[in-house]
Amino acid sequence: MTAPRTPILAGNWKMNHGPSQAARFFADFLPLVQPADDRSVVFFPPAVSFAAAREAVQGRPDVRLGVQNVHWEEGGAFTGELSVAMAADAGAELVLVGHSERRHVFGETVDETVRKVGAVLRGGLVPVLCVGETIEERRADRAEAVVVEQLRPVLASISAEQLPTLVIAYEPVWAIGTGVTATPADAAAMHAAVRRTLAEVYGAQAAEGVPVLYGGSVKPDNAAELMSQPGVDGVLVGGASLDPAGFAAIVAAAG
Ligand code: 13P
C-alpha cells in the first residue's frame, strides 16, 4: 500500500502582491489557518516579494514557499532570470514549471520544461509541472493527447528515484482566470489520464505516489467538490489566492 497523498493547497500569485502587500496578506491569512500536518499550504509569490513572504511565514512550517519560474542554467548572463540555486538560497522549496502563461504568453517549449524540471531536481527542489489543453484542443477532442504530449518528455527525462519528488498540476488553459471551471467529472477524467500516463512509464505503484493538483478558477465555493474527486490531490489557485479570507476558506475545504 502506498501512503495516502497529503492534500496540497497552493496559491500562485502571478504578477500580483509586491513586498508590502505580501506582508499584509500573511498578517491577515496566517491567523485564519491553524497549523496542521495533514496538508501543505504553498505560496508562489513574485520573486521580489519572496523575502517578505519568507519573513512572514517564519514559525509556520506548515506554510511553504516556491518561485514561479527558473532558468535551467546555473548562473551567468541571463538578464531577468533566476537560477535554482538562488531560489533555494532564498528559501524556496518548490518551483512552478511550464505554467500555461509561461507556455502561451512567453512561448516556453516542452523542451524547455524538460530542462527546467531537470535543473530543479538536480538543485534539490520540488518541480510543480503544469500541464493543460487550450479550448481549441479540447473542442478537437485532443485534451488528453495534449496533456500526455506535455508530460511524456518530462517523465522520460527523469529517473524512477526522482519521480516521488515531482508534483503535477492539471490546469486547463480555458479555465484559468476565466471563472469557468472544469466540471468535477472532467477534472477527474483528466487526472485519471495523468495518472495512467505516469503508470505507463513508471508502474502503477510509483504513479500512486505523485500528487496531481487541479488549477483553473478554483474558488472557495467549488474547491471542496473539486478536491473530493478521485485523483485530485489539491489545488493550484490563482486569483482566489490573493485574498486572505478566500484562500483560507479554500484551505479549510481540504477538510
Ligand atoms: P485562476 O485560479 O486565477 O484561474 O488561475 C489558476 C492558475 O493559473 C494557477 O496557477
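Numbers here are sequence positions counted from 1.
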Next on the checklist: Closer than 3.5 angstrom, by distance alone: can the side chain of R60 be matched with the main-chain N or O of L30 as a donor-acceptor pair?
Outcome noted: yes
Next on the checklist: What I want to check is whether the side chains of W174 and E136 have a donor and an acceptor closer together than 3.5 Å.
Outcome noted: no
Item to check | Main-chain N/O of G132 paired with Q150 side-chain donor or acceptor, under 3.5 Å | outcome: yes
Checklist entry - Going only through I, L, V, M, F, W and Y residues with side-chain contacts under 4.5 Å, is there a path from V146 to I168? => result no
Item to check | Q58 side-chain N/O to R54 backbone N/O, donor-acceptor pair under 3.5 Å | outcome: no
Checklist entry - If only atom types and distance count, is the side chain of N16 paired as donor or acceptor with the main-chain N or O of W13 below 3.5 Å? => result yes
Next on the checklist: With a 3.5 Å distance limit and no angle check, can you tell me whether Q21 reaches the backbone of G18 through a side-chain donor-acceptor pair?
Outcome noted: yes
Next on the checklist: Run the side chain to side chain contact (heavy atoms under 4.5 Å, CB included) test on K14 and E101 for me, step by step, so that the C-alpha distance in whole Å, both residues' side-chain angles and the decisive distance to 0.1 Å come before the verdict.
Outcome noted: CA-CA 9 Å; K14 309 189 180 186; E101 286 138 27; 2.8 Å; yes
Item to check | D111 atom CG, neighbour heavy-atom count above 12 within 6.0 Å | outcome: yes
Next on the checklist: Could you check whether any side-chain heavy atom of K116 comes within less than 4.5 Å of a side-chain heavy atom of V95, counting everything from C-beta outward?
Outcome noted: no
Checklist entry - Does any N or O in the side chain of S49 come within less than 3.5 Å of the main-chain N or O of A22, such that one atom is a donor and the other an acceptor? => result no
Checklist entry - Do the rings of F26 and F43 sit parallel, tilted or perpendicular, given the 30° and 60° boundaries? => result perpendicular
Next on the checklist: For T109, is there any backbone N or O sitting under 3.5 Å from a side-chain donor or acceptor partner on E112?
Outcome noted: yes
Item to check | Nearest-0.5 Å distance that lies between atom CG in L155 and atom CG in L163 | outcome: 7.0 Å
Item to check | side chain to side chain contact (heavy atoms under 4.5 Å, CB included) assessment of V67 paired with M86 | outcome: CA-CA 10 Å; V67 292; M86 282 160 27; over 6 Å; no
Item to check | Donor-acceptor pair, side chain of R195 and main chain of A207, under 3.5 angstrom | outcome: yes
Item to check | Between E208 and Y202, a side-chain donor and acceptor under 3.5 Å | outcome: no
Checklist entry - Same cluster for I176 and Y214 if Ile/Leu/Val/Met/Phe/Trp/Tyr side chains link at under 4.5 Å? => result no
Item to check | More than 12 heavy atoms from other groups under 6.0 Å of CD on E200 | outcome: yes
Item to check | Same apolar cluster: L121 and L82, side chain cutoff 4.5 Å | outcome: yes
Item to check | Over 12 non-hydrogen atoms of neighbours within 6.0 angstrom of CD in E73 | outcome: yes
Checklist outcome for this item: With sequence neighbours left out, the residues meeting ring pair (Phe, Tyr, Trp, His ring centres under 6.0 Å) with F44 are none
Next on the checklist: Give me each pair satisfying ring-ring contact (aromatic ring centres under 6.0 Å, His included) with a member in residues 68-90, each pair once, sequence neighbours excluded.
Outcome noted: H71-F78
Checklist entry - Within the side chain of D233, is there an N or O that forms a donor-acceptor pair under 3.5 Å with the backbone of V167? => result no
Next on the checklist: Looking only at the side chains, is there a donor atom on one of H99 and E171 sitting less than 3.5 Å from an acceptor on the other?
Outcome noted: yes
Checklist entry - Do the charged groups of E149 and R142 touch, with an N to O distance under 4.0 Å? => result yes
Checklist entry - Would you call V251 and L32 a side-chain contact if the rule is heavy atoms closer than 4.5 Å? => result no
Next on the checklist: Just so I know, are the side chains of V235 and L9 near enough to count as touching, which here means a heavy-atom distance under 4.5 Å?
Outcome noted: yes
Checklist outcome for this item: On a heavy-atom basis, the closest approach of C130 and L96 is SG-CD2, 4.2 Å
Next on the checklist: Under a 3.5 Å cutoff, is there a donor and acceptor pairing between the side chains of T165 and Q162?
Outcome noted: no
Checklist outcome for this item: Between V154 and S157 the two heavy atoms that sit nearest each other are O-OG, 2.7 Å
Checklist entry - Shared ILVMFWY cluster between L151 and V173, side chains joined below 4.5 angstrom? => result no
Next on the checklist: Grouping I, L, V, M, F, W and Y whenever their side-chain heavy atoms are under 4.5 Å apart, do V131 and V212 come out in a common cluster?
Outcome noted: yes
Item to check | Contacts of type salt bridge (charged side-chain N to carboxylate O under 4.0 Å, His left out), residue R103, not counting sequence neighbours | outcome: none
Next on the checklist: Are the side chains of R39 and D62 in contact, using a 4.5 Å heavy-atom criterion?
Outcome noted: yes
Checklist entry - Any chance CG of D141 has more than 12 other-residue heavy atoms, nucleotides or ligands included, within less than 6.0 Å? => result no
